[in-house]
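Structure first, commentary second.
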There are 2 protein chains.
Amino acid sequence: MKMHNPPHPGEILRELCLKPLGLTVTQAAEALDVSRKTLSGILNGRAGISPEMAVRLSLAFGTSAESWMNQQTQYDLWHMERRRKKLHVAKLSAA
Amino acid sequence: MKMHNPPHPGEILRELCLKPLGLTVTQAAEALDVSRKTLSGILNGRAGISPEMAVRLSLAFGTSAESWMNQQTQYDLWHMERRRKKLHVAKLSAA
DNA sequence: ATCAGTGTAACGTATGCGGTTACAGATCAC
DNA sequence: GTGATCTGTAACCGCATACGTTACACTGAT
C-alpha cells in the first residue's frame with residue numbers, strides 16, 4: 001500500500017539539488033568535502049546515503065538530514081520487502 | 001530543536017515488545033531467526049537496526065518496518081549532529 | 001586536438017552486521 | 001550444593017559498504 005519503486009536518493013539529489021544550481025559533480029563533491037567517486041556512487045545509485053552524508057547534504061543544501069535519511073529508508077525497505085517471504089520469522093504478537 | 005538523546009531502538013524493543021510478552025532473549029532470537037548474539041547486540045545498544053532486521057521485527061511483532069528504521073535514523077542522526085561542525089562543508093543553496 | 005567533466009575499475013582502510021563457539025555470571029528448582 | 005536456564009560478551013569467521021586515492025576511457029565543447 002505504499003509507493004511503487006521509489007527512486008534512489010541520488011536521483012533526487014541530482015535533479016533537485018545539482019541541476020537547479022547548475023553544479024557539476026566535481027563542484028558538488030568539493031563543496032561536500034567528499035571524493036568525486038563517493039558522490040558519483042550516490043548519484044548513480046551504487047551507494048546509499050550514510051548518516052554522515054545526510055548531514056553533509058543538509059549543510060550544503062539547507063535541507064534536513066532527516067529527509068535524506070528517510071528517502072534512503074524508503075528505498076532500502078522497498079527493496080527489502082521483496083524478500084519478506086524468504087525470512088523464516090515466527091509471529092509473536094497477535095499470535 | 002528536536003529531541004534530547006533518543007534511546008537506541010533496542011531499548012524500545014526490549015521494553016515494548018519483549019517485556020510485555022514475557023519473552024526471553026533466547027526465545028525472541030529464535031522467533032526472529034537470528035542468533036542470540038545479534039539480538040543481544042541490538043537490545044544493549046551495540047548494534048543498530050538493519051533494514052533486514054526491521055522487516056524481521058515487523059513480521060514478528062506486527063509493527064511497521066518503517067517505524068523501526070525511523071527510530072534508528074533518529075538515534076543515528078542525533079549522534080551525528082554532534083559532529084556537524086567538524087565537517088568542512090560549503091553552503092551551496094542560499095549562498 | 002585539447003580540455004573539463006564524468007563514470008568507474010583497482011586497490012586500500014574502517015566499520016558494521018551476521019554467524020558460531022565458548023565462557024562467566026546470575027537466577028531458579030531441586 | 002548441584003544442575004538447568006538465561007544472559008552478556010569475547011574471539012574468531014565471512015560479507016557488505018562507505019570512504020579514500022590513482023588512473024583510465026569516454027564524451028562533449030572549444
Side-chain angles (χ1 to χ4, degrees), chain A residues 8-11 13-15 17-60 65 68-69 71-73 75-77 79-80 82-84 86-89 92, chain B residues 8-11 13-15 17-60 65 68-69 71-73 75-80 82-83 86-89 92:
Chain A
H8 51 261
E11 206 170 318
L13 178 57
R14 193 194 294 269
E15 298 302 321
C17 297
L18 299 210
K19 284 218 177 140
L21 294 174
L23 290 167
T24 68
V25 178
T26 304
Q27 289 171 333
E30 285 171 357
L32 291 166
D33 195 32
V34 298
S35 75
R36 185 166 61 82
K37 184 204 172 182
T38 294
L39 180 57
S40 175
I42 292 169
L43 291 173
N44 293 288
R46 298 185 300 102
I49 305 281
S50 65
E52 181 181 318
M53 184 59 70
V55 172
R56 286 183 191 277
L57 292 173
S58 78
L59 286 167
W68 290 110
M69 291 297 289
Q71 286 179 44
Q72 186 63 48
T73 288
Y75 183 77
D76 287 343
L77 281 186
H79 287 279
M80 194 61 62
R82 323 173 83 195
R83 288 185 241 166
R84 269 201 166 227
K86 296 202 173 84
L87 305 177
H88 310 163
V89 177
L92 285 175
Chain B
H8 53 262
E11 205 169 318
L13 178 56
R14 193 193 292 270
E15 297 302 319
C17 296
L18 299 210
K19 285 221 177 137
L21 295 174
L23 290 167
T24 68
V25 178
T26 304
Q27 289 171 334
E30 285 171 356
L32 291 166
D33 195 31
V34 297
S35 75
R36 185 166 61 83
K37 184 206 170 181
T38 294
L39 180 56
S40 175
I42 292 170
L43 290 174
N44 294 288
R46 297 185 300 104
I49 305 281
S50 65
E52 181 181 318
M53 184 60 70
V55 172
R56 286 184 192 276
L57 292 174
S58 78
L59 286 167
W68 291 110
M69 291 297 288
Q71 286 178 44
Q72 186 62 49
T73 289
Y75 183 76
D76 287 344
L77 281 186
W78 190 85
H79 287 278
M80 195 60 64
R82 323 173 84 197
R83 287 185 242 167
K86 297 204 172 83
L87 305 177
H88 310 163
V89 177
L92 286 174

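Each chain gets a letter, A, B and so on, in the order its sequence line appears, and its residues count up from 1. Keep in mind that this is a model prediction, so the values were computed, not measured.
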Examine distances only and state if a side-chain atom of A:Gln72 and a backbone atom of A:Ile49 form a donor-acceptor pair shorter than 3.5 Å. yes
Bend angle of the helix from C:dA1-D:dT30 to C:dC30-D:dG1, from helix axes over five pairs at each end, nearest 10°: 20°
Residue set satisfying side chain to side chain contact (heavy atoms under 4.5 Å, CB included) with A:Ser40, at least two apart, ordered chain then number -> A:Asn44
Could you pull out all residues at least two apart from A:Arg84 that satisfy salt bridge (charged side-chain N to carboxylate O under 4.0 Å, His left out)? A:Glu81
Pairing residues for A:Asp33 by the side-chain hydrogen bond (donor to acceptor under 3.5 Å, both in side chains) criterion, not counting sequence neighbours: none
Between B:Leu57 and A:Val89, is there a side-chain heavy-atom distance shorter than 4.5 Å? no
Expected list for residues 20-32 of chain A: side-chain donor-acceptor pairs under 3.5 angstrom, two or more places apart:
from, atom 1, to, atom 2, distance (Å)
A:Thr24, OG1, A:Gln27, N, 3.0
A:Thr24, OG1, A:Gln27, OE1, 3.4
A:Gln27, OE1, A:Thr24, N, 3.0

Let me know the distance between CE of B:Met80 and C1' of C:dG16, rounded to the nearest Å. 13 Å
Got a list of protein N/O to nucleotides 6-8 of chain C N/O distances below 3.5 Å?
from, atom 1, to, atom 2, distance (Å)
C:dT6, OP1, A:Val25, N, 2.8
C:dT6, OP2, A:Val25, N, 2.8
C:dT6, OP2, A:Thr26, N, 2.8
C:dT6, OP2, A:Thr26, OG1, 3.0
C:dG7, OP1, A:Arg14, NH2, 3.0
C:dG7, N7, A:Arg36, NH1, 2.8
C:dG7, O6, A:Arg36, NH2, 3.0
C:dT8, OP2, A:Arg46, NE, 3.4

I'd like the 5' and 3' limits of the part of DNA chain D contacted by chain A, with heavy-atom contacts below 4.0 Å. D:dA18 to D:dA23
May I have the distance from A:Arg83 (atom CZ) to C:dG18 (atom C1'), rounded to whole angstrom? 14 Å
Round to a whole Å and report the spacing from CD of B:Glu52 to C1' of C:dG18. 8 Å
Apply side-chain hydrogen bond (donor to acceptor under 3.5 Å, both in side chains) to A:Ser50 and list each qualifying residue two or more places apart in sequence or on a separate chain. none
Applying side-chain hydrogen bond (donor to acceptor under 3.5 Å, both in side chains), name anything that partners A:Gln71, two or more places apart in sequence or on another chain. none
Name the nucleic acid region contacted by A:Asp33, choosing base, sugar-phosphate or nothing; use a 4.0 angstrom heavy-atom cut-off, strictly under. sugar-phosphate
Would you mind listing every salt bridge (charged side-chain N to carboxylate O under 4.0 Å, His left out) that reaches into residues 36-56 of chain B, with sequence neighbours excluded? B:Glu52-B:Arg56
For A:Glu15, enumerate each residue passing the side chain to side chain contact (heavy atoms under 4.5 Å, CB included) test, keeping only those at least two apart in sequence or located in another chain. A:Lys19
